[in-house]
Every structure is written in structure tokens, then in C-alpha cells.
There are 2 protein chains.
Amino acid sequence: MKTQPQGASASAEGAVLGTRERVVRAASRLFQRRGYEGTGIKLIAQEAEATLGSVYHFFPGGKEELAVAAIQHADREFAEMLNAGLARSDDPAVAVEECARALASALRESDWADGCPVTATALETLGRTPSIQQACLEALRNWQDVLAAKFLASGFDGQEARELACTVLSALEGAEVTSQVFRSEEPLLTTGRRMAQLIDSRT
Amino acid sequence: MKTQPQGASASAEGAVLGTRERVVRAASRLFQRRGYEGTGIKLIAQEAEATLGSVYHFFPGGKEELAVAAIQHADREFAEMLNAGLARSDDPAVAVEECARALASALRESDWADGCPVTATALETLGRTPSIQQACLEALRNWQDVLAAKFLASGFDGQEARELACTVLSALEGAEVTSQVFRSEEPLLTTGRRMAQLIDSRT
DNA sequence: TACTTGGTAGAGCGATCGTTCTAAAGACTG
DNA sequence: CAGTCTTTAGAACGATCGCTCTACCAAGTA
């Protein structure tokens with residue numbers, strides 16, 4: 001295994017990823033699929049094709065620091081997905097339904113494994129690992145902001161936009177869990193349709 | 001520690017609980033708060049004031065069998081809470097908002113620790129422990145049925161009632177996670193209000 | 001009394017956990 | 001070339017994991 005200079009743009013398309021980036025991505029996906037406690041550092045290293053030494057070199061804070069980085073990575077990734085979905089229509093109701101559809105497809109394609117990338121970790125560490133809880137909080141707030149911006153741009157006032165964003169995000173998160181447990185796209189699709197109905201029923 | 005005959009009605013008010021019941025309740029609460037992987041059998045025994053021997057006497061299938069029993073217990077408990085909340089009003093919209101309020105209060109009173117009793121365990125064991133996943137599925141379906149019955153009794157047709165139940169349950173679950181992460185009742189209360197709005201906007 | 005049954009008690013097993021540590025191999029600078 | 005810094009490599013540590021096992025105690029029955 002040769003030393004990999006992590007030079008060049010880390011986000012360049014198709015670029016060979018540096019060790020640190022590979023570790024973060026592996027950690028992010030494993031935490032998403034098996035939770036924080038259920039994922040061992042050695043498994044992360046193995047999955048990332050790195051060694052334990054490398055992991056602790058880049059994350060001297062250990063598992064906790066790695067989890068924070070993994071959640072921040074998931075934050076950016078999911079925000080991009082949200083933005084892409086929302087951009088598919090000017091009508092916010094249609095756009096939200098489009099997002100639900102995209103989530104449902106991705107979920108099915110991963111055999112119901114890749115749900116919300118922070119929920120599992122958040123629930124396990126709540127009230128016991130402040131740094132991780134903080135990272136989860138920032139991710140949720142970021143996604144709410146993305147939704148709220150869409151609603152604002154569609155003519156909703158600030159209060160209304162924030163409340164709708166909070167509701168829609170919570171509903172999508174819950175529906176994702178439900179879809180995973182039922183191994184069916186239906187909860188996500190139904191929730192998407194009803195959220196569209198809610199958005200259209202503005203007072 | 002004396003032998004405790006688990007005779008008499010196990011659900012009798014104020015009755016001294018048998019060992020098995022104590023273990024199930026402790027397991028249920030611990031899985032709810034720290035997830036499946038994050039909860040050790042020894043901790044469960046300690047919390048239940050039982051010994052390892054007793055735990056494996058009642059649950060020879062080990063942690064997995066205990067988890068199934070714990071989830072079934074949580075299922076019944078949460079269904080009761082839902083029923084109680086829904087019974088507080090004939091108007092289904094008001095009733096749902098009442099449920100959200102009750103959940104928010106309970107969450108705050110537990111210092112944001114006691115969220116949905118199955119989500120954490122469900123996410124950690126998805127696709128890897130079928131018996132637990134099945135128990136989670138039955139709980140979610142049970143809760144959806146409770147909601148759907150309320151909507152049916154309020155004049156919605158079957159399809160509409162089922163879809164609303166699915167949406168409302170998902171939204172409440174997601175909002176509960178959001179409230180826990182933000183340490184605020186607001187997401188649950190907002191989602192409750194918006195769900196009421198959705199229910200009132202019947203076509 | 002002797003025997004059976006249902007439950008309690010906890011030492012100890014092998015495996016795995018997160019983490020630490022030493023050693024050495026690239027890559028870059030002078 | 002020598003010297004420095006970054007990164008890789010993985011053995012090993014103490015702690016904890018889920019679980020097994022034997023011994024024992026308290027009733028009920030004959």
C-alpha cells in the first residue's frame with residue numbers, strides 16, 4: 001500500500017481519494033447503516049482500505065472525532081441531494097414530492113440500508129456525547145434551512161417557511177425509517193404526496 | 001434477594017413486579033435511550049435488579065430474544081399512550097395535536113431521553129436481525145392502525161385513513177428525533193399543528 | 001423425609017472493543 | 001546525500017462484550 005498524497009482537489013470527479021477522505025466516507029456509510037455503537041474502528045479501517053495507524057493519525061480524538069467528521073460529511077452530501085431534488089420544480093409542493101421520490105428510489109436501490117445518515121448515530125449518543133450531538137444538530141438545521149429557503153423563494157413568509165421546513169424534514173425523516181422497516185417505498189411516497197398537499201393548503 | 005413468585009396479574013396497579021417483567025422494562029427503556037448495540041446485558045440486569053442468571057433463565061435466546069420482548073412491551077405501552085391522547089377529542093385534528101403535545105411534554109420531562117422506543121433499535125438491526133426487525137414492523141403497523149381507526153371513525157374513507165395514519169405517524173416519529181436533537185419541544189409542537197392543518201384540509 | 005421444579009447467584013470463557021505504541025517507509029527540503 | 005516530516009503498518013493492552021456453566025436456594029409434592 002503506497003503513500004497517497006492527498007493533494008489536488010479532494011472533490012474532483014473521479015479523482016483518487018486520499019486516505020483521510022476514504023476513512024471519512026467509510027465511517028459515514030457504516031454509521032448510517034449500523035449506528036455508532038455497532039460500528040467498530042477496525043471495520044471502518046478495513047472498509048476504507050486503510051490501517052488503524054492511519055485512522056488514529058488523522059483522527060487523534062478517536063472514534064468520537066471521526067464520528068463528527070463523518071456526520072459533517074453526511075451533512076454536505078445530503079444537503080446536495082436535497083438541493084438537487086428541490087431544483088427540479090419551481091412549485092415547492094412538487095419539489096418536495098420529488099425529493100421524497102428520490103429518497104425512496106435511493107433507499108430501494110440500497111436494499112433499504114441507506115436511510116437518514118445521522119438518525120441512528122444521533123439517537124445512540126444523545127445526551128452522552130455532546131460533540132456528536134452538536135454535529136447532528138447542525139446537519140438537521142442545515143437541511144431545514146435548505147427547505148426553508150425554497151419556501152421563502154416561493155412566496156411564503158419567514159415564519160411559515162420555517163415551520164413548513166421543520167415539518168417536512170421531520171416527516172421525511174420519519175417516513176424514511178418507516179420505509180426501511182417495512183421494506184417498501186410506499187411510506188415515503190405517501191408522505192411526500194401528503195406534504196405536497198399540506199404545502200398547497202396555505203391559508 | 002428473595003424468590004419472587006410472578007403470580008397475580010402482572011399489570012395490576014402498584015403490584016410488585018416479577019423478575020421477568022422488571023428485566024423487560026429495564027431492557028425496553030435502555031434500548032430506547034442507548035440503542036441495541038449500546039446496551040449491555042449486564043447493564044440491563046443491574047438496572048432491573050436481577051442477575052445475569054435470571055436474565056438468561058427467562059430469555060435463553062439471549063440478547064436478541066430479550067430485545068424482541070422489550071419491543072413488544074414498548075409497542076403495547078406506546079399504543080396505550082396514543083389511544084389515551086386520541087381519546088381526548090372527537091375532532092381527529094385536535095386529537096393528533098393533543099398527542100404531539102403529550103409526546104413533547106414526556107420528552108422534556110425525561111430531559112429529552114425517552115423518544116420513540118423502537119427507532120434506535122430498528123435502525124441498528126435493520127437487515128441483520130430479522131426477528132427484531134419483525135417486532136419493530138409490528139409495532140409501527142399497530143400504531144398506524146390505532147391512528148387509522150381514529151380517522152375512520154371520523155368519517156374518512158379507508159384509503160384516506162390509512163394514508164393519513166402513515167403520514168402522521170412518520171411525522172411524529174421524525175419530529176420526536178428532531179426535538180431530541182434540538183432539545184426543544186418546538187419541532188413536535190409545530191409538526192402537531194401542521195398535521196392538524198393537513199387533516200382539516202380534506203379534499 | 002426425599003425428590004423435583006423454578007429461579008437466583010456470579011465466576012469465568014473466548015472474542016472483540018477502542019486505544020496506544022514502536023518501527024519504518026515514502027516524500028520533500030537542504 | 002543527509003535530515004525532517006508525514007503517513008503507514010500492525011502487535012499488543014486492558015476493558016468490556018454476550019454467553020455458558022455450576023452451585024445453590026426456596027417452594028411444592030409425594
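Here the structure is a predicted model, which means the values were calculated and not measured. Only this structure's heavy atoms are used, side chains among them; waters, hydrogens and symmetry mates stay out. A note on names: the letters A, B, ... follow the listed sequences, proteins ahead of strands, and every chain is numbered from 1.
- For A:Glu163 and A:Gln159, the side-chain atoms include at least one donor-acceptor pair closer than 3.5 Å.
- For A:Glu64 and A:Ser131, the side-chain atoms include at least one donor-acceptor pair closer than 3.5 Å.
- Between A:Thr51 and D:dG10 there is no side-chain polar atom (N or O) within less than 4.0 angstrom of OP1 or OP2.
- Of the charged side-chain nitrogens involved, none lies within less than 4.0 Å of a carboxylate oxygen, so that A:Arg162 and A:Asp145 do not count as a salt-bridged pair.
- There is a side-chain donor-acceptor pair under 3.5 Å between B:Gln197 and B:Arg194.
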Test B:Gln134 against B:Glu138 for side chain to side chain donor-acceptor pair (under 3.5 Å), laying out the working first.
CA-CA 6 Å; B:Gln134 180 65 25; B:Glu138 280 162 16; 3.0 Å; yes

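- A donor and an acceptor atom, one from each side chain of A:Gln144 and A:Arg141, are nowhere located under 3.5 Å apart.
- Summary for the helix from C:dT1-D:dA30 to C:dG30-D:dC1: the axes at its two ends, each from 5 pairs, differ by 10° when rounded to the nearest 10 degrees.
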Under 4.0 Å protein heavy-atom contact, by nucleotide of nucleotides 13-24 of chain D - B base, S sugar-phosphate only
-----BBB----

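- Ion pairing of B:Arg34 with A:Glu37 is absent here, as no side-chain N (NZ or NE/NH1/NH2) approaches a carboxylate O to less than 4.0 Å.
- Side chains of B:Ser170 and A:Thr178: a donor-acceptor N/O pair is present below 3.5 angstrom, by distance only.
- A close approach under 4.0 Å does not occur between any side-chain nitrogen or oxygen of B:Thr19 and OP1 or OP2 of C:dG7.
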